[in-house]
Amino acid sequence: MRSDGVGAGGRKTPGETLGDLERTRLADLLVRVATQQDRTAYAELFGYYAPRVKSYLLRLGADNSLAEEIAQDVMVSVWRKAAQFDRAQASVSTWIFRIARNRRIDVFRRTRRPELDPEEPMILPSGVEAPDAGIDAMETETRVRAAMLGLPEEQLLLIRLAFYEGLSHREIAEKLDVPLGTVKSRIRLAFLKMKTKLGDD
Amino acid sequence: MDEPTRAALASGRVDPSVGLFLDTLTAMRGISDPVGEAIAGAALESEAPASMSPNALDMAFAAIERGAHEPKPQLVYPELAGTPPVLQKAMLAAEAGHGWSFYGPGISRLPLRLGGKAKAEILRIDPGVAVPWHSHKGCELTLCLFGEYTDRDVAYGPGDFTLADASIRHQPRAHDAGPVYAFAVTDAGLRFEGFLGALQKILGL
């Protein structure tokens with residue numbers, strides 16, 4: 001079991017995500033920050049998330065000092081907003097991702113990709129399916145993670161580039177140096193697979 | 001399933017004004033698209049940790065201490081204090097900058113200046129005042145934040161939103177009971193039309 005594997009060290013190999021026990025433990029820590037202003041719990045969360053949030057920002061093009069500054073800022077927000085965390089609604093990682101995403105939108109919006117690519121309207125006429133209201137958010141998290149595990153590395157990469165880094169299909173094609181049509185069909189395939197998994201019951 | 005839409009929303013790639021509109025709307029209605037954000041949350045875990053400076057944690061604690069003693073900035077209009085935090089932040093920044101300006105008798109506005117192609121602003125309409133008849137060059141998304149108004153014989157309250165395209169001439173009128181605050185985003189060639197359809201499906205409206 002890896003329930004103790006969320007310390008400050010970087011023991012995990014990149015690409016690994018947390019198991020259920022570890023996610024539960026991180027949620028416990030954040031609840032302790034919210035209810036008891038527990039600095040030890042916060043220090044542990046800081047040790048795990050600050051370096052990863054910094055990686056996220058470096059990945060999006062921030063230089064080292066800006067990435068460090070925003071990561072600090074995000075972690076300070078984690079303390080301040082801890083009372084708003086609802087463990088039934090999201091994992092700590094998803095919750096902190098939202099804070100980091102919103103913060104980087106604030107900081108980057110004047111310098112980076114403020115507009116949508118007119119060649120690639122983000123809205124397609126085909127439907128988006130509403131998330132199933134009957135399934136609670138944590139259940140969704142578990143299913144999404146299981147579905148991601150089932151994807152070949154190549155498709156997982158595409159899903160990450162789109163949902164995490166926020167690259168358009170065109171930008172993904174440029175980054176990976178593959179034709180746009182290939183990117184589109186692979187992402188469609190990956191998402192179709194995930195959809196099948198998410199629909200499983 | 002429309003992956004590009006969900007990816008743009010989850011990752012934050014969407015136009016900043018439209019993004020803030022959606023965040024505000026979903027927060028007011030208590031809904032979200034957990035799938036896209038769960039993908040991103042899992043991706044955050046799989047990052048290789050970057051090294052932080054050795055005193056990073058101490059600096060965070062110091063910032064937390066400082067923040068605890070700083071007075072919180074207040075919005076000009078207390079009626080807006082109940083709006084989602086993400087919107088309040090944008091309004092505080094705008095109020096600290098250029099602030100509210102006169103728009104017409106009984107009407108003022110606060111441009112949010114978020115960058116990007118679309119324009120976002122908050123409108124304040126005095127009780128009983130009607131915005132003069134107008135249409136828009138492009139499309140306009142409007143979200144009622146506080147108060148009630150009637151437009152083209154339909155009543156709107158907090159959390160209600162509309163999309164008006166260039167063909168629509170309208171005259172929103174605030175009810176007599178109190179002022180109205182609305183969040184308006186106007187496009188400049190963005191495709192709101194398709195956007196709304198997709199949005200409605202995401203939100204399950």
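In what follows, every chain begins at residue 1, and chains take the letters A, B, ... in the order their sequences are listed.
- Side-chain contact check for Leu44(B) versus Tyr164(A): some heavy-atom pair is nearer than 4.5 Å.
- Across all non-hydrogen atoms, the minimal contact from Gly41(B) to Arg145(A) is C-NH2, 4.3 Å.
- Counting heavy atoms from C-beta outward, Glu37(B) and Arg101(A) have side chains that approach closer than 4.5 Å.
- Contact between Ser93(A) and Glu45(B) at its shortest, heavy atoms only, is OG-OE2, 2.6 Å.
- Residue pairs meeting the salt bridge (charged side-chain N to carboxylate O under 4.0 Å, His left out) criterion with at least one partner in residues 81-91 of chain B, sequence neighbours excluded, are Asp106(A)-Lys89(B).
- A side-chain donor-acceptor contact under 3.5 Å links Ser55(A) to the backbone of Ala50(B).
- Closest approach of Arg80(A) to Gly67(B), counting heavy atoms only: NH2-CA, 3.3 Å.
- Note that CD of Glu47(B) is 13.0 Å distant from OG1 of Thr17(A), once rounded to the nearest 0.5 Å.
- Of all the listed residues (Val144(A), Leu161(A), Leu58(A)), the one sharing the greatest number of non-hydrogen pairs under 4.5 Å with chain B is Val144(A).
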Side-chain donor/acceptor pairs under 3.5 Å, residues 53-60 of chain B, sequence neighbours excluded:
residue: Ser53(B); atom: OG; partner: Glu68(A); partner atom: OE2; Å: 2.8
residue: Ser53(B); atom: OG; partner: Asn55(B); partner atom: OD1; Å: 3.2

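- With a 6.0 Å radius and a threshold of 12 heavy atoms from other residues, nucleotides or ligands, Lys119(B) has its NZ atom at or below the threshold.
- For the options Trp79(A), Trp95(A), Tyr49(A), heavy-atom pairs under 4.5 Å to chain B are most numerous at Trp79(A).
- Contact record, Lys54(A) with Ser51(B): NZ-O, 2.7 Å, taken as the closest heavy-atom pair.
- There is no contact between Met75(A) and chain B, counting heavy-atom distances below 4.5 Å.
- With a 4.5 angstrom heavy-atom cutoff, Tyr56(A) touches chain B via backbone and side-chain atoms both.
- Of all heavy-atom pairs between Ala43(B) and Arg160(A), the closest is CB-CD, 3.9 Å.
- A distance of 10.5 Å separates CD in Gln37(A) from CD1 in Ile64(B), rounded to the nearest 0.5 Å.
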